[in-house]
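Structure first, then comments.
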Amino acid sequence: MRHFILTTTASLILTPLLASQSVAQSSITTEAGPMRITPLVQGLDEPWGVDHLPDGTILITERAGRLIAARDGSTTEVAGLPDDIVVDGQGGLLDILIPADFSETRDVYLTYSKQLRGGAGTAVYHAKLSEDGTALTDGHTIFQMDRGSGTSHHFGSRLVEGPEDTLFITVGDRGNGDLAQDVNRHNGKVLRIHRDGSVPQDNPFAGQGLPEVWSYGHRNPQGAAMDASGQLWTVEHGAKGGDEVNRITPGTNYGWPVISYGTNYNGSKIGQGTEAEGMAQPVFYWDPSIAPSGMTFYDGPVADWQGCAFIGSLKFNYISRLCGDPLAEVERIEAEETGRVRDVTMGPDGSLRFLSVIEGALYSLSPEG
């Protein structure tokens, strides 16, 4: 059943806790040596996205429609979210992006599922964070899908900051795979817009499709990140097998649902098979599916991890490390804390940080010693 929520302080069910130094840490052994896992924020209700302010404040979205700010031993629920968040199935309040110029602009960007013509669809909300960090102000939707869908899955919804005041937005096929091949629909696309919601004139389909479209033929990309060279990557859910890591280039067709390395859930063939003319191959794929979500490229103190991609697995409860050229999985980091890893990011202290849905917590992963 679809419903709408307006997040208010009165709606609090549980209080997230900022983990103190007295909270027990755990140790694991990785191929790069012993690592320490430290809880940073606990007591979260289905966390989805995480980012950081320049002063170290942690901002975490909860899918049910709360934005949590954690700093200096306390947490605050941030007011001022959109009042038309649709919380249903995989939809709700989803990703968060703090741009590099936050200190000057105080800009915050969020993705969420919004009621549209035909049902719910992916939308992007822009607001300013108040000086005391307790509220979003001047909020407005800068992008929404051309139309919604009656399904409650495949919203995509990752945000990546691009050059020249641009944003990349991943949008799932919303359960209608054929629309991923239609550049006149937003379903199954990577989109590129300016931070004010306008469309860059050099987007590849300006004048011949929806102008926001950057690439197409995607199923449900729930992870996206920029590497050190400025190259955009996505990771997306396949069906039964065929989760993909893709190197995103403008105007490229990534094949869904014409080609796939997976099958339908009933075991039947998807489309034409694994290859077709004019459709890009994934850089890496998983079979069976790991249900990937959340992606980052490492830039911290562990030399062996430099430039590697880290991707969370919702299904098998681990963090995948992919390295090399082309990228390929070289290690699976698994611990009690890695239950349904929804997001992975770099912390301001150089640690790898990840959100566990099962544990309801944000953790850091860093070298021991």
Side-chain angles (χ1 to χ4, degrees), residues 24-40 47-50 158 160 220-229 231-238 240-248 261-262 281-359 361-369:
Q25 302 174 341
S26 65
S27 296
I28 61 169
T29 299
T30 71
E31 292 183 4
M35 297 287 163
R36 179 177 62 251
I37 298 178
T38 304
L40 301 177
W48 211 96
V50 58
R158 286 296 174 193
V160 177
N220 188 27
Q222 284 192 338
M226 201 84 73
D227 68 19
S229 73
Q231 173 62 53
L232 179 66
W233 298 76
T234 64
V235 59
E236 55 191 274
H237 296 266
K240 187 178 180 182
D243 297 341
E244 295 182 355
V245 176
N246 285 306
R247 181 180 183 272
I248 302 301
Y261 282 89
Q281 287 288 299
V283 174
F284 183 81
Y285 71 91
W286 287 272
D287 187 14
S289 295
I290 69 165
S293 181
M295 178 183 196
T296 195
F297 283 90
Y298 187 81
D299 182 21
V302 182
D304 289 348
W305 288 0
Q306 285 297 322
C308 295
F310 287 78
I311 295 169
S313 168
L314 294 166
K315 183 177 181 180
F316 292 124
N317 303 326
Y318 68 85
I319 300 171
S320 174
R321 180 168 69 92
L322 294 89
C323 300
D325 185 12
L327 282 178
E329 186 177 74
V330 296
E331 184 178 13
R332 296 183 172 187
I333 299 172
E334 187 174 1
E336 291 184 4
E337 293 85 352
T338 58
R340 283 187 67 81
V341 177
R342 172 61 74 181
D343 200 7
V344 186
T345 190
M346 291 299 300
D349 60 354
S351 66
L352 189 72
R353 296 186 174 186
F354 62 94
L355 285 173
S356 166
V357 176
I358 289 178
E359 300 300 325
L362 173 70
Y363 297 96
S364 70
L365 180 65
S366 57
E368 284 194 336

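Hydrogens, waters and symmetry mates are skipped; everything else that's a heavy atom, side chains included, is used.
- One N or O on the side chain of Q306 and one on the backbone of G300 form a donor-acceptor pair closer than 3.5 Å.
- Residue S289 comes nearest to G241 through the heavy atom pair OG-N, 2.8 Å, listed as atom of the first residue, atom of the second, then distance.
- Remark: D227 engages S229, W233 in a side-chain hydrogen bond (donor to acceptor under 3.5 Å, both in side chains) (not counting sequence neighbours).
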So E331 and Y318, side chain to side chain donor-acceptor pair (under 3.5 Å) or not? Walk me through it.
CA-CA 10 Å; E331 184 178 13; Y318 68 85; over 6 Å; no
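- The backbone N or O of V50 sits less than 3.5 Å from a side-chain atom of D343, completing a donor-acceptor pair.
- A donor-acceptor pair under 3.5 Å links the side-chain atoms of T338 to the main chain of N317, judged by distance alone.
- Note: W286 and F284 have perpendicular aromatic rings, judged against thresholds of 30 and 60 degrees for the angle between ring planes.
- Atom CZ of R158 and atom CG of N220 lie 10.5 Å apart (nearest 0.5 Å).
- Residues V160 and T234 are not in side-chain contact: their nearest non-hydrogen atoms beyond the backbone lie 4.5 Å or more apart.
- Side-chain N or O atoms of S356 include one that pairs as donor or acceptor with a backbone N or O of G339 at under 3.5 Å.
- The minimum heavy-atom distance linking N246 with E236 is given by the pair ND2-OE2, 3.1 Å.
- Distance check: E31 CD to I333 CD1 gives 8.5 Å after rounding to the nearest 0.5 Å.
- One distance of note links CD of E368 with CD1 of I37; it measures 10.0 Å at 0.5 Å rounding.
- The salt bridge (Lys or Arg N to Asp or Glu O under 4.0 Å) analysis of residues 295-317, with sequence neighbours excluded, yields no pairs.
- Taking the six-membered ring where the residue is Trp, W305 and Y298 present perpendicular rings, their angle passing 60° and hence far from 30°.
- Going from atom OG1 of T38 over to atom CD of Q25 covers 3.5 Å, rounded to the nearest 0.5 Å.
- Annotation: salt bridge (charged side-chain N to carboxylate O under 4.0 Å, His left out) contacts of R36 (sequence neighbours excluded): none.
- Residues I319 and F310 approach most closely at CG2-CD2, 3.9 Å, considering heavy atoms.
- Side-chain N or O atoms of S351 include none that pairs as donor or acceptor with a backbone N or O of R353 at under 3.5 Å.
- Counting only distance, with no hydrogens or angles, the side chain of H237 and the backbone of P221 share no donor-acceptor pair below 3.5 Å.
- Counting only heavy atoms from C-beta outward, the side chains of V341 and Y363 never approach each other to under 4.5 Å.
- A side-chain N or O of S293 and one of R342 form a donor-acceptor pair less than 3.5 Å apart.
- Considering every non-hydrogen atom in both G307 and F297, the closest pair reads O-CD2, 3.6 Å.
- By the 4.5 Å heavy-atom criterion applied to side chains, E334 and F316 are not counted as neighbours.
- With hydrogens and angles ignored, the 3.5 Å screen pairs a side-chain donor or acceptor of D243 with a backbone N or O of G238.
- In terms of heavy atoms, M35 sits closest to A32 at CE-CB, 4.0 Å.
- Residue L322 comes nearest to I311 through the heavy atom pair CD1-CD1, 3.7 Å, listed as atom of the first residue, atom of the second, then distance.
- Here CG of L352 is found 10.5 Å from CG of D349. Values are rounded to the nearest 0.5 Å.
- There is no side-chain donor-acceptor pair under 3.5 Å between E336 and S26.
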